[in-house]
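All residue numbers in this chain count up from 1 along the given sequence.
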Amino acid sequence: MENIEDDVEGFQQKKHSIADSKLSEVETLQLIHELEVHQIELELQKEELILAKEEAEMATQKYTELYDFAPSGYFTLTNSGKITQLNLTGSQLLQKDRSKLINSQFGFFISDDTKPIFHEFLSNVFHTNRKECCEVKLFLENNFTINVYLTAVLSENRDEALITAVDITQLKLTECALRESEKRYRELLNNLDVGIILHDKDTSIIFSNSKASQLIGLDKNQMNEKQIFNPEWEFIKEDNKPLAQENYPVNEILNTKKPVKNFIIGIKKSENDSIKWLLINGFPVFNNSGEIAEIVISFIEITVLKKLEIELIKSKDQAEAANRAKSSFLTNMSHEIRTPLNGIIGFTDLLMKTNLDKNQTEYMNTVHESATILIEIINNILDFSKIESGKLELNIEEVNIFELIHHVIDIFKYHADLNNIDLIVNIDKKVPNYVLTDSIRLKQILVNLIGNALKFTKDGYVKLNISNTVNPENENQCHLNFSVKDTGIGIKDENQEKIFQSFIQEDSSITRKFGGTGLGLAITNQLLALMNSELELNSHYGEGSEFFFTVELEKSNHEYDSKDLDDNVEVVEGIPFDKNLLNKKILVVEDNKINMLLVKTLLKSILPGSTVLEASDGKKAIKLYKKEKLDLILMDIQMPHKNGYETTAEIKQLKQYNNIPIIALTAGIMLGEKEKCLESGMDDYVSKPIIRSNLEKVLFKWLKK
Ligand code: ADP
């Protein structure tokens with residue numbers, strides 16, 4: 001700038017000296033013009049220079065500001081550690097004015113424990129050409145300490161160290177807290193009573209806690225980096241078969257990217273054969289791009305539980321076997337009891353039709369009634385044991401509801417009349433004629449309920465009500481509501497639940513007064529359960545009870561055929577003598593002597609003049625068939641050596657077989673017995689106890705053909 005001013009001054013002097021000298025006028029004017037142009041150029045240069053000076057000043061100020069307010073402290077130190085220069089951040093870091101810090105020792109602020117680090121750092125700076133760094137603690141006023149991170153390089157002329165200092169106190173605290181928390185979690189994981197294993201995505205183990213080592217039987221170092229598939233152990237499934245590698249929980253998680261819950265695995269270590277059972281849970285940990293980064297597996301040992309479970313299953317199997325044995329014992333026993341009872345019922349029935357005096361008739365009635373009650377009880381026990389063992393199944397067939405109700409009412413008409421109780425039936429118009437259900441079981445339910453109602457009603461009425469709630473969504477279906485209402489003794493509120501349990505009656509006075517086994521309602525309810533329904537009760541003590549239920553049944557598209565008509569033909573007792581029924585040869589196959597005698601007696605009475613042949617087992621029956629020309633066979637089902645089904649099948653295979661009717665004498669207690677008889681080739685059946693009218697009906701039907 002001064003140069004320019006000098007130039008301008010020189011230029012003015014030149015101008016005057018030119019004016020004073022003796023030049024031609026033209027020369028003088030030209031010279032003056034050149035000088036003026038030069039003057040303008042110089043003034044322009046002066047302005048540019050002023051601008052440049054201002055910019056330089058601004059840049060210096062900016063640099064100073066940058067230097068002072070930089071986020072790190074800058075210090076220039078001599079090799080003895082004396083501060084020759086520092087920025088504002090540096091003075092703030094040391095909490096002292098800059099002026100007081102210049103020429104003071106930086107080492108003065110370093111805490112005693114980190115002083116050696118600092119000295120080594122400073123000496124390294126001056127003796128090596130590298131950038132050096134270290135971490136030290138600064139001890140400030142009021143016992144205040146901070147952690148700083150120092151980096152340093154030598155200045156260009158190698159006589160000073162240029163140092164940057166960053167406050168890392170907060171960072172240190174965070175790091176410390178992190179380390180603390182990691183330590184806490186590590187301790188927690190190691191003290192957990194759950195095995196924890198962290199797998200890398202290649203299934204190798206990155207981390208495992210102490211419990212995991214204990215459960216797997218390998219120490220931490222042995223565990224580390226082990227792959228999940230390892231010859232040292234074998235994983236097995238609950239059925240003791242080896243678990244396929246792809247089904248290992250870790251692999252499952254890798255394949256499905258989903259957690260695994262409550263997976264049961266057995267570990268079999270090759271050196272000893274005892275199995276350790278583990279309950280495993282696991283989940284994947286994803287990275288930011290949604291890929292599996294790690295897999296966490298946790299597990300507890302359940303060997304004791306597993307053993308207990310095995311024991312329990314064993315006990316359950318044993319209990320079930322015992323229960324099956326009990327059921328089969330009950331079935332056999334009731335069969336054994338039923339056979340002589342059938343004899344008693346059959347013969348009393350026969351005896352009652354002979355000429356008895358008044359007393360004898362009364363005694364015989366009592367015998368007959370007692371035997372009938374006994375057989376009902378046995379049937380109930382049998383049903384109960386069958387339901388208990390899950391052997392009872394419904395036999396769904398087309399049923400004429402009206403006919404079924406008619407039969408049920410027939411059973412009780414006499415009893416109701418005798419006791420002056422109105423037996424009312426009310427069937428809604430909407431109830432369809434034919435439905436698909438198990439007629440025997442539906443009948444059994446209604447007989448139970450009406451039987452109870454009559455038993456517990458002294459006067460008034462017993463009303464059977466049937467209505468249909470039409471299902472608007474399915475015209476083929478109907479909801480039949482059955483209700484049996486009485487005006488009897490009623491049931492106390494507190495007893496209304498317990499009477500549905502087996503062998504339970506309302507109270508002991510009931511047993512004394514009315515008898516019964518307490519099985520009826522339990523069986524009824526279990527039968528209804530098979531029909532997806534249940535029994536409900538409305539009762540007021542002293543006023544009466546109403547038992548009701550709803551069954552969802554399919555309507556049947558019934559077509560009338562000749563069979564219907566046939567069924568409706570009632571065979572009246574004492575039918576007029578028919579030539580077709582003369583001199584028939586009938587074979588009775590029956591192992592029980594009483595039953596044999598009963599059938600023979602009945603046959604002689606129904607078909608006088610006929611020949612009755614006897615066979616006490618299937619073998620003898622086949623022999624007789626080959627020898628004699630028979631008209632009909634009556635065949636018992638349960639016989640030793642060869643049962644009725646087998647015998648029938650064999651007879652039908654014979655060359656001599658001439659299509660004669662074979663009629664089964666069934667116990668009528670086994671499910672599907674009727675179907676089995678027809679399937680094995682029998683033509684019809686008569687259920688025991690054999691009642692004269694039933695046998696008569698069947699004999700006439702088949703012999704007339
Ligand atoms: P049982 O009739 O063989 O004793 P149930 O299971 O059929 O067995 O009935 C159990 C009990 O429920 C009966 O003993 C009786 O106390 C009570 N009960 C059943 N039906 C009626 C009814 N209609 N009125 C009054 N009490 C009844």
>> Enumerate the salt bridge (charged side-chain N to carboxylate O under 4.0 Å, His left out) contacts for residues 102-130, please, sequence neighbours excluded, ordered by first and then second residue.
In response: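 For residues 102-130, and leaving out neighbouring residues, the salt bridge (charged side-chain N to carboxylate O under 4.0 Å, His left out) pairs sorted by first residue read Asp112-Lys115, Asp113-Lys137, Arg130-Glu132.
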
Test item: [X] side-chain N/O and [Y] main-chain N/O as donor-acceptor pair under 3.5 Å:
X      : Y      : result
Asn209 : Gly195 : no
Thr89  : Ala70  : yes
Asn525 : Leu535 : yes
Ser539 : Ile491 : yes
Thr114 : Val136 : no
Asp200 : Thr203 : no

Write down the atom of [X], the atom of [Y], and the distance for their closest heavy-atom approach.
X      : Y      : answer
Ala161 : Val125 : CB-CG1, 3.8 Å
Ser80  : Gln105 : O-OE1, 2.9 Å
Phe106 : Leu94  : CE1-CD1, 4.2 Å
Ser24  : Thr28  : O-OG1, 2.6 Å
Thr164 : Ser72  : CG2-CB, 3.4 Å
Ile253 : Ile292 : O-CD1, 3.8 Å

> Would Thr76 and Leu162 count as a side chain to side chain contact (heavy atoms under 4.5 Å, CB included) if you check the C-alpha gap in whole Å, the side-chain angles of each, and the deciding distance to 0.1 Å?
Replying inline: CA-CA 5 Å; Thr76 309; Leu162 305 175; 3.8 Å; yes

> Looking at residues at least two apart in the chain, or sitting in another chain, which of them share a ring-ring contact (aromatic ring centres under 6.0 Å, His included) with Phe263?
Replying inline: none

> Tyr74: what forms a ring-ring contact (aromatic ring centres under 6.0 Å, His included) with it, not counting sequence neighbours?
Replying inline: Tyr67

Less than 3.5 Å apart, any donor N or O on the side chain of [X] or [Y] sitting next to an acceptor on the other?
X      : Y      : value
Ser210 : Asn190 : yes
Thr64  : Asp68  : no
Asn247 : Glu252 : yes
Asn79  : Arg158 : no

Holding to salt bridge (Lys or Arg N to Asp or Glu O under 4.0 Å), I want the full list of residues that pass it with [X], two or more places apart in sequence or in another chain.
X      : value
Lys172 : Glu135
Lys316 : Glu320
Glu141 : Lys96

> Among all residues two or more places apart in sequence or in another chain, which pass the side chain to side chain donor-acceptor pair (under 3.5 Å) test with Lys211?
Replying inline: Asp193

> With Thr469, which residues qualify under side chain to side chain donor-acceptor pair (under 3.5 Å), at least two apart?
Replying inline: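 By the side chain to side chain donor-acceptor pair (under 3.5 Å) rule, Thr469 matches Asn481.
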
Check the surroundings of atom [atom1] in [X]: do more than 12 heavy atoms from other residues, nucleotides or ligands lie under 6.0 Å from it?
X      : atom1 : answer
Asn142 : CG    : no
Asn157 : CG    : yes
Glu57  : CD    : yes
Gln477 : CD    : yes
His540 : NE2   : no
Phe548 : CZ    : yes
Lys201 : NZ    : no
Phe286 : CZ    : yes

> Considering only heavy atoms from C-beta outward, does the side chain of Thr145 approach that of Ser111 to under 4.5 Å?
Replying inline: no

Going by atom type alone, with no hydrogens or angles, which donor-acceptor pairs under 3.5 Å involve a side-chain atom of residues 178-185 and a protein atom two or more places apart or on another chain?
{"residue": "Arg179", "atom": "NH2", "partner": "Glu175", "partner atom": "OE2", "Å": "2.5"}
{"residue": "Glu182", "atom": "OE2", "partner": "Arg186", "partner atom": "NH2", "Å": "2.9"}

> With sequence neighbours left out, what residues match Lys258 under side chain to side chain contact (heavy atoms under 4.5 Å, CB included)?
Replying inline: Thr256

> Who are the side chain to side chain contact (heavy atoms under 4.5 Å, CB included) partners of Thr169, not counting sequence neighbours?
Replying inline: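 Ile146, Asn147, Asp167.
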
Scan the side chains in residues 301-310 for donor-acceptor partners under 3.5 Å anywhere in the protein, sequence neighbours excluded, and list what turns up.
{"residue": "Glu301", "atom": "OE2", "partner": "Thr303", "partner atom": "OG1", "Å": "2.6"}
{"residue": "Thr303", "atom": "OG1", "partner": "Trp277", "partner atom": "N", "Å": "3.0"}
{"residue": "Lys306", "atom": "NZ", "partner": "Glu238", "partner atom": "OE1", "Å": "2.6"}

